[in-house]
**Q** 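Input: one structure, supplied below.
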Amino acid sequence: MQDVQDDVQDELIARAQAWLAEDPDPETRAELAALLDAGDTDELAARFSGTLQFGTAGLRGELGAGPMRMNRAVVIRAAAGLAAYLRAKGQTDGLVVIGYDARHKSADFARDTAAVITGAGLRAAVLPRPLPTPVLAYAIRHLGAVAGVEVTASHNPPRDNGYKVYLGDGSQIVPPADAEIAAEIDAVVALADVPRPESGWEILGDEVLDAYLARTDAVLAKDSARTARTVYTAMHGVGKDVLLAAFARAGFPEPVLVAEQAEPDPDFPTVAFPNPEEPGAMDLAFAAARATDPDLVIANDPDADRCAVAVRDGADWRMLRGDEVGALLAEHLVRRGARGVFAESIVSSSLLGRIAERAGLPYEETLTGFKWIARVEGLRFGYEEALGYCVDPEGVRDKDGITAALLITELASELKEQGRTLTDLLDDIAVTYGLHATDQLSVRVEDLSVIADAMRRLREQPPTVLAGLTVTSAEDLTRGTATLPPTDGLRYTLDGARVIVRPSGTEPKLKCYLEVVLPVAAHADLPSVRTRATDLLTAIKRDLSEAAGI
């Protein structure tokens, strides 16, 4: 037995030494050398237990040395795999445009990608500096590129980074492209075999950014009200300059900045997680709102593809749920006479379907993620509860936190002119369509087996009653449905409620999405109906947690 253990350990050390020999980054080389010198086989095993998997979210993981971490060696292999995939598809001299955020190593990963793409005989162009992900998504079609890469980990913790891939239609990759690119990545044997010239790619100027900003004009109605005052936080990310430029172009009052979070900082010093949805992340923004009394608060996540909105709630402020913002934007677009398909993912509120139906508009439901929403044919508006909104699909086929901020501020301005608020409109929507109250049970884990165990338990023993409501149907989405391809998820339909359970695609989390729908006879009934909905959601959380063993 000891001999077997020794052999395993020797193999582990040999793999680590082989990786060290070709690692192009002095920082991760030093890190790995220190682990080898210390004989830290537990940490080596964690880093060499497999490879970071390339999927429909691209790559995302913790920075560090080894194939299970994000580093230059992993990125070079990913870029080589993408280049090989494009060449295999006949794109032998096409353009690949590359963007990046302000996280640790993002600029290095962008440069390595440009070098690999150039060395493979394709053309590469890099955005001029750290910019919002929507600018990269826009640039792909604007420049006629065959693919795009955005180096970002979005709202993940500071220690993470990621690698998001788009194809020439401006949308994120979906199957089978992800598996085909992954196969090409796996075929890269040694970094020495990947040509990486020192130059040959283009560093773009501001022309693409200027074109993106000009395109934001299409989001707003001609001669609409532009009076709402905002507090804005960039959450230590790259959104500030682009959002300020877009707001100035539109003629809105200049937002009051949350100074402590205005400039890019890869360490995100004022927040535990740089995600507006996380507890405490909006505290500084709320403090600025109390001091300046704006009409609304707007936040972007670090790569500015998400948009959070907060409103006055009595004497203080509260974050609107993504589903509430989605409903507000949909209602605003309907009133402006928007035509086309309204679409959302399965984890978002069913309210959007009600709004579309009443307006006589087509509606579609997709799997989770804008890689699916953005591909809906004839899309006019798409959203997802995780603060993602596509309000100009002709410009950006992805979620865009800049244009969403413009549109919600236009709506707030129009309501302000009428002496009303976003909260007033939410009340109207509840009376018209019924109260669609949503919540989430989200469990972050260190050990991914916890998620697998919970999913297995729910599949083997699905709940029959939650919060006293009978489960009328239990669907295992791995089998797909008449309208959805297979995905790892479970959907429970209850009498007046719905629950969806799925592992996160970008974080070590199990996510449970809850919705309760209750009729509202009149505005005066709203307080009691909201109390009933809150009680039901709390009880569903409790019962579901018990059923899943979490």
Side-chain angles (χ1 to χ4, degrees), residues 275-283 286 296-297 308-328 330-331 344-355 383-387 421-444 463-472 490-502 509-548 550:
N275 178 354
E277 293 180 293
E278 293 284 347
M282 294 290 288
D283 286 356
F286 292 162
L296 71 165
V297 175
V309 179
V311 296
R312 191 178 288 102
D313 183 22
D316 211 349
W317 290 80
R318 79 169 180 95
M319 273 272 291
L320 294 180
R321 292 191 174 278
D323 287 318
E324 292 177 300
V325 176
L328 288 168
E331 190 77 356
E344 64 181 340
S345 66
I346 58 173
V347 299
S348 304
S349 171
S350 59
L351 176 56
L352 184 66
R354 300 270 186 97
I355 293 172
Y383 98 92
E384 190 159 71
E385 56 75 40
L387 310 183
T421 66
L422 294 174
T423 304
D424 293 330
L425 181 53
L426 283 172
D427 289 348
D428 292 349
I429 289 171
V431 173
T432 301
Y433 301 100
L435 178 66
H436 291 62
T438 58
D439 202 353
Q440 189 178 128
L441 172 63
S442 182
V443 181
R444 183 180 293 272
T464 57
V465 176
L466 293 170
L469 303 176
T470 300
V471 177
T472 56
L490 301 165
R491 178 163 58 182
Y492 304 116
T493 303
L494 295 82
D495 183 16
R498 185 206 65 192
V499 173
I500 293 174
V501 184
R502 60 178 283 271
K509 283 183 175 181
L510 181 67
K511 297 182 125 179
C512 309
Y513 304 85
L514 323 175
E515 180 177 39
V516 170
V517 182
L518 298 173
V520 183
H523 281 77
D525 298 322
L526 273 168
S528 62
V529 175
R530 286 199 169 106
T531 298
R532 168 67 176 154
T534 299
D535 291 344
L536 281 171
L537 288 168
T538 300
I540 291 172
K541 272 188 183 181
R542 180 195 64 228
D543 293 352
L544 183 64
S545 180
E546 183 178 345
I550 54 173

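Both backbone and side-chain heavy atoms feed into the values below; hydrogens, waters and symmetry mates do not. Not measured: the values here are computed from a predicted model.
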**Q** So do Leu426 and Leu320 actually touch side chain to side chain, heavy atoms under 4.5 Å?
**A** yes
**Q** Taking C-beta and beyond as the side chain, do Val501 and Leu544 meet within less than 4.5 Å on heavy atoms?
**A** yes
**Q** Could you tell me if the side chain of Leu328 sits less than 4.5 Å from the side chain of Ile429, heavy atoms only?
**A** yes
**Q** Between the side chain of Glu385 and the main-chain N/O of Ser349, is any donor-acceptor distance below 3.5 Å?
**A**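 Pair absent, no side-chain N/O of Glu385 close to backbone of Ser349.
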**Q** Strictly by modelled atom types, are Thr534 and Thr531 linked by a side-chain donor-acceptor pair under 3.5 Å?
**A**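 Per modelled atom types, Thr534 and Thr531 side chains form no pair under 3.5 Å.
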**Q** Out of curiosity, Met282 CE to Asn275 CG, how far, rounded to the nearest 0.5 Å?
**A** 10.5 Å
**Q** For a side chain to side chain contact (heavy atoms under 4.5 Å, CB included) check, start with the C-alpha distance between Val499 and Leu466, then their side-chain angles and the critical distance, and finish with the verdict.
**A** CA-CA 10 Å; Val499 173; Leu466 293 170; 4.1 Å; yes
**Q** To the closest 0.5 Å, what do you measure between OG1 (Thr421) and CZ (Arg312)?
**A**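 The OG1 atom of Thr421 sits 8.5 Å away from the CZ atom of Arg312.
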**Q** Please list all pairs meeting salt bridge (Lys or Arg N to Asp or Glu O under 4.0 Å) that have one or both residues in residues 524-533, counting only residues at least two apart or in different chains.
**A**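 Output for this query lists Asp427-Arg530.
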**Q** Would you find a donor on one side and an acceptor on the other, under 3.5 Å apart, between the side chain of Ser545 and the backbone of Lys541?
**A**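 Pair absent, no side-chain N/O of Ser545 close to backbone of Lys541.
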**Q** Measure across Trp317 and Val311 and return the closest heavy-atom pair with its distance rounded to 0.1 Å.
**A** CE3-C, 3.2 Å
**Q** Surrounding CG of Asp316 (heavy atoms of other residues, nucleotides or ligands, distance under 6.0 Å), is the total greater than 12?
**A**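 Count over threshold, so yes.
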**Q** Can you give me the closest heavy-atom contact between Leu351 and Ala327, atom names plus distance?
**A** CD2-CB, 3.5 Å
**Q** Can you find a pair of side-chain heavy atoms, one from Val297 and one from Val309, that are under 4.5 Å apart?
**A**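 In short, these two side chains do not touch, never coming nearer than 4.5 Å.
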**Q** Donor-acceptor check, side chain of Arg354 to backbone of Tyr433, threshold 3.5 angstrom: yes or no?
**A** yes
**Q** Working note: Leu526 + Val431, criterion side chain to side chain contact (heavy atoms under 4.5 Å, CB included); need CA distance, chi angles, decisive distance, verdict.
**A** CA-CA 8 Å; Leu526 273 168; Val431 173; 4.2 Å; yes
**Q** Do Thr438 and Asp323 have side-chain atoms, one donor and one acceptor, less than 3.5 Å apart?
**A** yes
**Q** How long is the gap from CD1 on Ile500 to CG on Leu514, to the nearest 0.5 Å?
**A**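 Here the rounded value is 10.0 Å.
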**Q** Working note: Thr423 + Asp313, criterion side chain to side chain contact (heavy atoms under 4.5 Å, CB included); need CA distance, chi angles, decisive distance, verdict.
**A** CA-CA 8 Å; Thr423 304; Asp313 183 22; over 6 Å; no
**Q** Would you say CD of Glu546 has more than 12 non-hydrogen atoms from neighbouring residues, nucleotides or ligands within 6.0 angstrom?
**A**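 Incorrect, the count does not exceed 12.
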**Q** Check whether any side-chain N or O of Thr472 sits under 3.5 Å from a backbone N or O of Thr493 as a donor-acceptor pair, and report yes or no.
**A** yes
**Q** Which atom pair, heavy atoms only, marks the closest approach of Val465 to Val471?
**A**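 Answer, listing the atom of Val465 first, then Val471: N-CG2, 3.9 Å.
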**Q** Minimum heavy-atom separation for Ser350 and His436, please, with both atom names.
**A** OG-CD2, 3.4 Å
**Q** Distance-only, no hydrogens or angles: does the Thr432 side chain make a donor-acceptor pair with backbone N or O of Asp428 under 3.5 Å?
**A** yes
**Q** Minimum heavy-atom separation for Arg502 and Tyr513, please, with both atom names.
**A** NH1-OH, 3.0 Å
**Q** When rounded to the nearest 0.5 angstrom, what is the spacing between CD in Glu384 and CD1 in Ile346?
**A**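 Going from CD on Glu384 over to CD1 on Ile346, the span is 9.5 Å.
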**Q** Answer whether the closest heavy-atom distance between the side chains of Pro276 and Leu387 falls below 4.5 Å.
**A**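 SC-SC contact between Pro276 and Leu387 confirmed.
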**Q** How close do Ile540 and Ala467 get, heavy atom to heavy atom, and via which atoms?
**A** CG1-CB, 3.5 Å
**Q** Run through Arg498, Arg542, Arg321, Lys511 and flag the one making a salt bridge (Lys or Arg N to Asp or Glu O under 4.0 Å) with Asp439.
**A**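 Between Asp439 and the candidates, salt bridge (Lys or Arg N to Asp or Glu O under 4.0 Å) is satisfied uniquely by Arg321.
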**Q** Is there a side-chain contact between Leu422 and Leu296, using heavy atoms and a 4.5 Å cut-off?
**A** yes
